[in-house]
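In this text the structure is predicted, and so the values were computed from the model without any measurement.
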Amino acid sequence: ATSAENAAPAGVVADRFVADPHDGDERKPRLDLRATHDAPSPEPTGTTTVDPSAARLSFSALGTFASCPRRCRRGCELGLRGREDAVIASGSPGRPTIWGPTAFGELVHRFLAEHDWHGPVPEPGWAAALARDIGLEDSAFDCEPAEQMVADLMAAPLAERIRAGTEIHPERLFAVTVDGALFTGAIDLMVEEGEGRVLLVDWKTSALSAQRTAAQVSDEYRLQQTLYALAALRSGASKVTLNWAILEGLGGSPERVVTQGDLASLEDQIRVAMAPLAAENRSTGPQEIGFVCGGCPGLDAMCLVGKASRE
């Protein structure tokens, strides 16, 4: 997802893939209430409803809003940045990590974005070298599972399918409109397979357990799949395979296939997700500390839930 300005960024064409990045913070979710209209908008407040037709959105913004409108207001609308250690929520899903789950995921994503799929298999030690390059502290505790995930991927049928593609596009930017709302994002990997067929891959470093399977994690991102599939179909693909690759459980990561005949259904799913934005009596969010609170920019200073947790 991208940061937003009043006018559509240069190089972004709605309902098409974008050739080049248009700012330096592509993956930061933002919800721009000033949006794509020239008419001025009133200054948003904590109780203001959102006109979806005048908003620039992302999957991250919609997901955050569904979990906690308060956090969406601070992080997505206002662009406030939080700290990953702002709260440690008991029972939060995730693996033990020195770097933190966000940094761990970003390291794996960066490596795969830069990987030459027709080149040699990555050699041991790549994670430590990349960690130093991006300013992370030395941590064999984190490097070992990161390298194991990538090694398992390179030996999996998914990697063979990627290598067999006619064209491979990492970090493929897109913009797509639904009822006037502009959605932007970056697809981790797009693989053209010929005859209008496209494979979309999104890397997930989520930790799994007996209570949280790869299929369950993939289902949590169904709206993201819907949005990315809509972008690909609108750009002319005839058939789109969606593989949200749960790297800790590749064998259990389900695929979803959509075609041009699914366009209307996909658009309706996006409309359903947007509807709460315009609700007059929208929820204020969770009433107790939970996983969604981790790293919230307002938890330490502006949230009654966070205040109550410290008392």
Side-chain angles (χ1 to χ4, degrees), residues 1-2 11-21 26-27 58-59 108-109 111-119 121 149-150 152-178 182-206 214-215 217-247 249-271 273:
T2 67
V12 174
V13 181
D15 306 335
R16 296 290 300 277
F17 287 110
V18 183
D20 298 306
E26 293 301 331
R27 306 195 67 86
S58 68
F59 158 73
V108 174
H109 276 79
F111 178 80
L112 292 174
E114 298 174 353
H115 176 64
D116 178 3
W117 288 93
H118 297 296
V121 173
M149 283 183 177
V150 170
D152 291 344
L153 169 62
M154 296 302 158
L158 176 59
E160 286 295 324
R161 183 171 179 176
I162 292 169
R163 287 189 283 265
T166 57
E167 291 190 44
I168 301 173
H169 308 280
E171 296 294 320
R172 187 68 158 175
L173 304 181
F174 71 87
V176 64
T177 57
V178 178
L182 174 63
F183 288 87
T184 57
I187 300 169
D188 286 346
L189 194 70
M190 171 182 163
V191 182
E192 296 184 44
E193 300 186 301
E195 300 180 347
R197 294 174 292 115
V198 170
L199 169 67
L200 302 183
V201 183
D202 196 89
W203 312 116
K204 300 298 182 188
T205 56
S206 307
V217 172
S218 180
D219 192 59
E220 294 170 6
Y221 294 94
R222 191 166 181 85
L223 179 61
Q224 185 185 31
Q225 295 175 5
T226 296
L227 180 59
Y228 289 12
L230 181 62
L233 292 172
R234 289 263 194 93
S235 74
S238 59
K239 179 180 179 180
V240 180
T241 300
L242 301 150
N243 190 314
W244 264 227
I246 317 303
L247 295 174
L250 285 169
S253 299
E255 286 189 343
R256 178 183 174 191
V257 178
V258 295
T259 65
Q260 287 288 330
D262 296 307
L263 264 174
S265 174
L266 296 173
E267 291 167 351
D268 286 343
Q269 292 172 47
I270 299 298
R271 292 188 182 100

Audit row: Thr177, Phe183, side-chain contact (heavy atoms from CB on, under 4.5 Å) steps and yes/no:
CA-CA 6 Å; Thr177 57; Phe183 288 87; over 6 Å; no

Would you call Val201 and Ile187 a side-chain contact if the rule is heavy atoms closer than 4.5 Å?
no

Atom pair CG/NZ of Asp202 and Lys204 - distance to nearest 0.5 Å
4.0 Å

Between Ala214 and Pro254, what is the shortest heavy-atom contact and its length?
O-CD, 4.4 Å

Assign the ring pair Tyr228 / Trp244 to parallel, tilted or perpendicular, where the plane angle (0 to 90°) is split at 30° and 60°.
tilted

Check: Leu247 and Trp203 side chains under 4.5 Å, non-hydrogen atoms
yes

Sub-4.5 Å side-chain heavy-atom contact between Val198 and Glu193
no

Ile246 and Ser218: which non-hydrogen atoms are nearest, and at how many Å?
CD1-N, 4.2 Å

Closest heavy-atom pair, Val176 versus Arg234, reported as atoms and distance to 0.1 Å, is CG2-NH1, 3.3 Å

Pairwise side-chain contact, Met154 with Trp117, heavy-atom cut-off 4.5 Å (strictly under):
yes

Which distance, rounded to the nearest 0.5 Å, do you find between the OG1 of Thr226 and the CD of Glu267?
11.5 Å

Who passes salt bridge (Lys or Arg N to Asp or Glu O under 4.0 Å) against Asp152, sequence neighbours left out?
none

Residues two or more places apart in sequence or in another chain: which of them pass side chain to side chain donor-acceptor pair (under 3.5 Å) with Gln260?
none

Does the side chain of Val258 reach to within under 4.5 Å of the side chain of Gln225, using non-hydrogen atoms?
no

Do the side chain of Thr166 and the main chain of Glu192 share a donor and acceptor less than 3.5 angstrom apart?
yes

So do Lys239 and Glu195 actually touch side chain to side chain, heavy atoms under 4.5 Å?
no

Please check: side-chain N/O of Ser235 versus main-chain N/O of Ala232, any donor-acceptor pairing under 3.5 Å?
yes

Knowing that exactly one of Thr241, Leu199, Leu200 qualifies, which makes a side chain to side chain contact (heavy atoms under 4.5 Å, CB included) with Val191?
Leu199

Starting at CG of Leu112, measure out to CG of Asp188 and round the result to the nearest 0.5 Å.
8.5 Å

Are the side chains of Leu230 and Leu263 in contact, using a 4.5 Å heavy-atom criterion?
yes

Residues two or more places apart in sequence or in another chain: which of them pass salt bridge (Lys or Arg N to Asp or Glu O under 4.0 Å) with Glu160?
Arg163

Taking all atoms of both residues into account, what is the closest heavy-atom pair of Val257 and Asp262, and its distance?
O-OD2, 4.4 Å

Val240 and Thr259, any side-chain heavy atoms less than 4.5 Å apart:
no

Minimum heavy-atom separation for Thr184 to Ala175, with atom names?
CG2-CB, 4.1 Å

What is the distance from atom CZ of Arg222 to atom CG of Leu227, rounded to the nearest 0.5 Å?
13.5 Å

Considering non-hydrogen atoms only, spot the tightest contact between Ser253 and Asn243 and give its length.
CB-OD1, 4.4 Å

Before accepting this row, confirm whether a basic side-chain N of the pair Glu255/Arg161 lies closer than 4.0 Å to the acidic partner's carboxylate O.
yes

